[in-house]
Protein chains: 2
Amino acid sequence: MFMRNTILAAFAAVAVLASPFAAADKTYTIRLAETWGPNSGLLGDTPRNMAAMAEKMSNGRLKFRIDSSNKHKAPFGIFDMVRNGQYDMGHTASYYYKGTIPNAMYFTTTPFGMIAPEMYAWFYHDDGMELMQKVYEPFGLLSFPGGNTSNQMGGWFRKEINSLDDLKGLKIRTPGFAGEVMSELGVAVTNLPPGELYTSLERGTIDAVEWVGPALDLKMGFHQIADYYYSGWQEPNAEVQFLINQKTWNKLPEDLQEVLRVAMRTAAYDMYIQSTHESGAAWASMKEEYPNVTHKVFPPEVINALRETTNRLLNEFAAKDELANEIITSQRDYLKQVRPWTNISDKAYLNSVADQ
Amino acid sequence: MFMRNTILAAFAAVAVLASPFAAADKTYTIRLAETWGPNSGLLGDTPRNMAAMAEKMSNGRLKFRIDSSNKHKAPFGIFDMVRNGQYDMGHTASYYYKGTIPNAMYFTTTPFGMIAPEMYAWFYHDDGMELMQKVYEPFGLLSFPGGNTSNQMGGWFRKEINSLDDLKGLKIRTPGFAGEVMSELGVAVTNLPPGELYTSLERGTIDAVEWVGPALDLKMGFHQIADYYYSGWQEPNAEVQFLINQKTWNKLPEDLQEVLRVAMRTAAYDMYIQSTHESGAAWASMKEEYPNVTHKVFPPEVINALRETTNRLLNEFAAKDELANEIITSQRDYLKQVRPWTNISDKAYLNSVADQ
């Protein structure tokens with residue numbers, strides 16, 4: 001390496017004529033902190049998939065050092081650590097930071113909102129990317145879609161829910177905005193640490209748990225102790241996030257910015273497809289090993305109450321904050337345009353072959 | 001450039017120590033032929049999106065020259081032209097070549113088969129990529145997913161279809177395998193050139209036209225002369241294709257192979273999202289400008305007959321050819337695993353918010 005650098009210095013004039021020549025000389029090591037622990041399945045696979053693509057495409061000029069939460073000890077501090085330059089990049093979910101930046105949560109998901117392909121279309125062909133940047137720019141950060149869990153399930157219940165009354169007083173683990181909505185319907189929303197959920201559900205300390213979907217629920221084991229798996233309403237898609245410190249981004253030459261941009265974009269799509277695959281496999285295995293496990297949908301009375309409450313709360317957020325209003329309106333308008341297409345294509349098709 | 005090459009030659013020993021240095025010197029121009037004409041919307045946008053990403057990521061070491069069908073005059077000769085080295089790459093659809101390689105068609109779509117995310121999961125997490133390569137390897141070709149149109153519509157009809165009898169004797173433009181299936185149900189399948197379809201439908205020379213979906217149907221104008229837009233069964237997803245000559249691929253250094261691989265993968269996903277967006281916008285505009293346009297689904301009697309016929313024909317193909325059997329079985333098995341997940345997630349959600 002010494003010899004090579006000497007030669008490059010000696011022929012600096014040549015390097016100017018041949019730009020790839022100069023860029024090829026410099027290696028950048030990107031320190032990335034992820035919210036997830038070391039064995040987090042598709043969530044943890046995604047930044048590693050991104051890093052592997054970027055390293056190979058850049059012929060090693062981009063390198064990554066990825067720290068899981070057991071290393072940095074701050075799973076929900078990614079936003080701060082990337083903002084203050086402790087890390088160059090983060091892999092996290094924007095709705096974890098709704099305390100600090102309330103308008104970030106809409107870029108993960110909105111209850112009764114878009115499914116994954118609709119959400120990507122909003123990001124890439126409507127106002128999504130621009131609005132997201134508007135939220136993160138004041139913090140010196142860039143934010144990019146970081147992978148979709150696909151449609152999340154409504155949770156594991158030990159009793160059937162046949163009416164709004166059945167929900168009242170139930171102790172349910174469901175975090176964030178969905179928890180706020182459920183509270184309004186009389187649910188006793190709890191937010192226990194993940195490690196306590198299985199035992200709490202088994203002992204009846206809680207009545208239901210909303211986690212993610214089969215791919216990530218499988219190893220939590222809830223299907224072993226709760227029979228009813230309800231379809232969701234609260235996260236019809238959930239897009240996690242790559243965060244980058246603007247200063248790190250600015251230091252990269254244009255070709256490596258594009259390598260990073262494309263690697264993130266591909267890894268995000270890839271996570272959606274990996275989740276589709278693993279959810280299919282996990283759901284098949286749950287049903288086979290625990291034949292009592294049954295799929296359920298909430299009755300219309302419950303869905304309508306959840307939806308009315310969601311819309312009322314969203315209207316309140318929009319009334320209080322101009323940027324929130326802009327984001328909520330944009331998502332609602334886009335859903336009105338794209339959903340009729342989803343309905344006459346995938347939905348109509350899936351219904352017409354329902355007995356397949 | 002002369003000076004730079006002289007220096008590189010003089011320090012060949014150094015270049016061996018520093019691989020990016022050597023690779024950075026060489027530019028590769030990839031000649032790509034597409035099936036599509038010059039203004040083909042999202043189909044033509046996709047190879048250009050791929051090329052732009054690859055050029056920028058490689059800092060200009062990969063360059064592309066893209067020829068549309070008006071230039072090479074062989075829209076359905078892409079397979080041959082890439083095979084014989086006249087072009088390095090192609091952007092086309094594998095089912096156009098079912099005359100030469102019958103087993104290629106399953107990599108575009110299968111009637112009553114997978115929707116787009118399920119198909120990508122089959123390609124990338126099940127046997128899809130391996131089986132596709134098994135089909136193309138004997139021809140010295142590599143094949144990669146090249147973009148998804150998303151779910152295709154069943155077509156524009158001038159009369160409602162309420163029974164199997166209503167289909168009998170109808171003159172319908174629907175090509176390929178779907179056409180074979182419809183023939184078996186008594187449909188007079190026609191395959192007029194695209195330029196004659198509008199006039200033929202208007203004059204009643206044909207009764208219905210199956211084209212793609214709103215994004216690509218809009219400028220064909222069928223919605224101006226046919227009121228009933230039926231949901232589809234024949235192409236629940238349709239993945240177009242990048243073809244690469246194996247010799248071209250082998251010439252590329254590993255970093256540029258990865259640049260090309262990732263650019264193709266991203267451009268393919270991007271086309272699926274672009275189609276989602278444009279279909280939503282086009283369907284909204286059709287309904288607004290032509291309020292008589294109505295969405296319809298074929299009655300169960302028709303769907304069941306189409307499905308039985310499809311399965312019978314697939315069984316015949318599988319019985320005659322070992323590799324066909326392997327592909328058809330793999331797709332059926334995968335659908336059995338993944339579809340229950342689609343049903344409890346996106347399908348259940350879309351149905352529960354149907355009145356949205």
Side-chain angles (χ1 to χ4, degrees), chain A residues 3-4 7 11 14 17-21 23-24 53 56-57 59 61 112 115 117-118 120-121 124-125 150-151 213-214 231-232 236 255 258-259 262-263 265-266 269 272-274 276-277 279-281 283-284 295 297 303 337-350 352-353 356, chain B residues 3-4 7 11 14 17-21 23-24 53 56-57 59 61 112 115 117-118 120-121 124-125 150-151 213-214 231-232 236 255 258-259 262-263 265-266 269 272-274 276-277 279-281 283-284 295 297 303 337-350 352-353 356:
Chain A
M3 193 177 166
R4 209 176 128 220
I7 292 162
F11 292 100
V14 176
L17 290 172
S19 63
F21 192 85
M53 284 189 276
K56 210 167 167 191
M57 287 197 286
N59 206 6
R61 291 189 296 139
F112 294 102
I115 62 169
E118 297 169 341
Y120 280 120
Y124 296 138
H125 294 276
S150 67
N151 208 317
S231 286
D255 59 334
E258 181 73 356
V259 163
V262 175
R265 188 174 180 112
T266 310
Y269 286 136
Y272 170 43
I273 299 307
Q274 184 180 350
T276 300
H277 171 71
S279 297
W283 177 230
H295 167 243
V297 292
I303 289 290
Q337 176 178 294
V338 76
R339 179 59 52 80
W341 158 244
T342 304
N343 284 341
I344 67 167
S345 57
D346 282 351
K347 187 185 126 185
Y349 172 71
L350 291 167
S352 75
V353 297
Q356 193 161 40
Chain B
M3 189 177 168
R4 213 178 125 217
I7 293 160
F11 292 100
V14 177
L17 289 173
S19 63
F21 192 82
M53 284 189 276
K56 208 167 167 188
M57 288 196 286
N59 206 6
R61 291 189 295 138
F112 294 103
I115 63 170
E118 297 170 340
Y120 280 121
Y124 296 138
H125 294 276
S150 69
N151 208 317
S231 285
D255 59 334
E258 181 74 355
V259 163
V262 175
R265 188 174 179 113
T266 311
Y269 286 136
Y272 170 43
I273 299 308
Q274 186 180 349
T276 300
H277 171 70
S279 296
W283 176 231
H295 166 244
V297 292
I303 289 292
Q337 176 178 295
V338 76
R339 180 59 53 82
W341 158 244
T342 304
N343 283 341
I344 68 168
S345 57
D346 283 349
K347 187 186 128 185
Y349 171 71
L350 291 168
S352 75
V353 297
Q356 191 162 42

*Could you tell me which non-hydrogen atom of A/W283 sits nearest to which non-hydrogen atom of B/W341, and how far apart they are?*
CD1-N, 3.9 Å

*Parallel, tilted or perpendicular: which fits the ring planes of A/Y269 and B/Y269, with parallel below 30° and perpendicular above 60°?*
tilted

*Exercise: identify the closest heavy-atom pair between B/Q274 and A/H125*: CA-NE2, 3.5 Å

_Where A/Y272 and B/Y272 come nearest, the two heavy atoms and their spacing_ = OH-OH, 4.4 Å

*Quick one: OH on A/Y124 to CD1 on B/I273, what's the gap to the nearest 0.5 Å?*
8.5 Å

*Flag the one option from B/P214, B/G232, B/P236, B/A284 with the top tally of heavy-atom pairs under 4.5 Å to chain A.*
B/P236

*Hey, are the side chains of A/D346 and B/D346 touching, using non-hydrogen atoms and a 4.5 Å cut-off?*
no

*Checking heavy atoms, do the side chain of B/H295, its backbone, both or neither come under 4.5 Å from chain A?*
side chain

*In Å, rounded to the nearest 0.5 Å, how long is the span from CG of B/N59 to CZ of A/R61?*
7.0 Å

*asked:* Report which part of A/I303 has an atom under 4.5 Å of a heavy atom belonging to chain B: side chain, backbone, both, or neither.
replied: side chain

*State, yes or no, whether a side-chain contact exists between B/R339 and A/L350 at a heavy-atom distance under 4.5 Å.*
yes

*Closest contact, heavy atoms only, B/M57 versus A/V262*: SD-CB, 3.6 Å

*asked:* Do B/P117 and A/T276 have side chains that approach each other closer than 4.5 Å (heavy atoms only, starting at C-beta)?
replied: yes

*Top of B/A121, B/S231, B/A348, B/S279 for chain A proximity - count of heavy-atom pairs under 4.5 angstrom*: B/S279

*Portion of B/V297 that has a non-hydrogen atom of chain A nearer than 4.5 angstrom*: side chain

